[in-house]
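Just below is one structure, and these are the notes that go with it.
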Amino acid sequence: MNRPDLHDDTVKVILAVLEGIAIPYAATTAHDETRTRVLHDRLIHVQVTLESLLGSAAPDVDDAVSYLQEKLAEHPPVGYITKKQAHRRIKAGATWMQAVSLDYRDGQERLRARHAKQCSGVCASIPCECGPGDTVCNECETPYPCSTIRALDEEGDR
């Protein structure tokens, strides 16, 4: 697709607007109600930003785009199951009802949730940013697949 020659500021605004309105589709009509609420909240900020740009004699596009991005971050597209999430869960072996459940947890998520309930230590609040490992939590001795914990144990930050 050929893009017409647009001014850099125009491209910045278009990309920011797309970030605001191009959120993932919901997997079900029930989830679409949540998606619609999120989208509505985001659209209000898009509208305010566009109106402020058009109403200004010398608009500061960078400032407007930063403002919009901050406001969009306050309304992330969460709280519903997307079509992609549901299809990914089904491929992993979930039923349709499990795939569209907000409470669905795959094996790794179930292990983390069980560990967080069992362990009152620091590790229960550390988000896992890595792949499976063979770490055992020093607080509760639960096997925990997270090299972040291993790194903390090795550094002695406990």
Side-chain angles (χ1 to χ4, degrees), residues 1 3 6 8-56 59-133 135 137 139-140 142-149 152:
M1 174 194 264
R3 184 182 79 161
L6 298 173
D8 288 344
D9 286 344
T10 304
V11 172
K12 287 179 191 176
V13 172
I14 291 170
L15 290 174
V17 168
L18 279 175
E19 179 185 342
I21 63 175
I23 64 174
Y25 290 102
T28 67
T29 54
H31 290 291
D32 197 50
E33 291 174 14
T34 302
R35 179 188 180 271
T36 300
R37 279 194 305 275
V38 170
L39 185 57
H40 178 264
D41 293 341
R42 293 168 70 91
L43 280 172
I44 289 170
H45 296 295
V46 168
Q47 178 182 352
V48 168
T49 300
L50 292 175
E51 287 174 349
S52 72
L53 284 170
L54 291 174
S56 175
D60 184 341
V61 172
D62 290 331
D63 188 46
V65 168
S66 292
Y67 167 83
L68 179 57
Q69 290 171 334
E70 287 173 20
K71 292 301 178 182
L72 294 177
E74 294 174 7
H75 304 282
V78 295
Y80 67 97
I81 303 303
T82 68
K83 286 183 178 183
K84 282 186 178 182
Q85 287 173 315
H87 289 287
R88 201 170 33 243
R89 291 172 175 182
I90 288 170
K91 283 183 180 180
T95 65
W96 175 251
M97 292 302 292
Q98 291 169 331
V100 297
S101 170
L102 288 172
D103 295 328
Y104 174 82
R105 292 190 172 117
D106 65 12
Q108 184 97 349
E109 290 174 18
R110 281 194 298 271
L111 180 59
R112 282 192 205 109
R114 185 181 77 222
H115 181 233
K117 285 180 184 176
Q118 293 173 347
C119 181
S120 60
V122 169
C123 60
S125 64
I126 297 172
C128 183
E129 300 170 0
C130 53
T135 302
C137 172
E139 294 291 321
C140 65
T142 299
Y144 194 66
C146 180
S147 62
T148 302
I149 302 257
L152 286 174

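Heads up: numbering here begins at 1 and tracks the sequence.
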Answer whether the closest heavy-atom distance between the side chains of Pro59 and Ser52 falls below 4.5 Å.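 Of all side-chain heavy-atom pairs linking Ser52 with Pro59, none is under 4.5 Å.
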
Heavy-atom check, side chain of Asp9 versus side chain of Val13, under 4.5 Å: no

For Ile14, give me all partners under side-chain contact (heavy atoms from CB on, under 4.5 Å), at least two apart in sequence or on another chain.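 Applying side-chain contact (heavy atoms from CB on, under 4.5 Å) to Ile14 gives Leu6, Thr10, Leu18.
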
To the nearest 0.5 angstrom, please state how far the [atom1] atom of [X] sits from the [atom2] atom of [Y].
X: Tyr67; Y: Leu53; atom1: OH; atom2: CG; result: 11.5 Å
X: Gln85; Y: Ile90; atom1: CD; atom2: CD1; result: 12.0 Å
X: Leu39; Y: Thr34; atom1: CG; atom2: OG1; result: 12.5 Å
X: Thr36; Y: Ile23; atom1: OG1; atom2: CD1; result: 8.0 Å
X: His31; Y: Thr82; atom1: NE2; atom2: OG1; result: 9.5 Å

Holding to salt bridge (charged side-chain N to carboxylate O under 4.0 Å, His left out), I want the full list of residues that pass it with Glu74, two or more places apart in sequence or in another chain. Lys71

Run the salt bridge (charged side-chain N to carboxylate O under 4.0 Å, His left out) test against Asp62 and tell me which residues pass, sequence neighbours left out. Lys12

Where the side chain of Tyr80 meets the backbone of Pro24, is there a donor-acceptor pair that is under 3.5 Å apart?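 Yes; at least one donor-acceptor contact below 3.5 Å.
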
For Thr49, which residues count as a side-chain hydrogen bond (donor to acceptor under 3.5 Å, both in side chains) partner, sequence neighbours excluded?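 Once residues adjacent in sequence are excluded, Thr49 has no partner under the side-chain hydrogen bond (donor to acceptor under 3.5 Å, both in side chains) criterion.
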
Might you point out which heavy atoms bring [X] and [Y] nearest each other, and give the distance in Å?
X: Ser101; Y: Ile81; answer: O-CD1, 3.8 Å
X: Pro76; Y: Ala73; answer: CD-O, 3.5 Å
X: Val46; Y: Gly20; answer: CG2-CA, 4.3 Å
X: Ala99; Y: Ala86; answer: CB-O, 3.6 Å

Could you please spell out the steps behind the side-chain contact (heavy atoms from CB on, under 4.5 Å) verdict for Gln69 and Glu19? CA-CA 8 Å; Gln69 290 171 334; Glu19 179 185 342; 3.7 Å; yes

By ring pair (Phe, Tyr, Trp, His ring centres under 6.0 Å), which residues pair with His45, not counting sequence neighbours? His75

Test: salt bridge (Lys or Arg N to Asp or Glu O under 4.0 Å). Region: residues 29-53. Which pairs qualify, not counting sequence neighbours?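 Pairs touching residues 29-53 that pass the test: none.
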
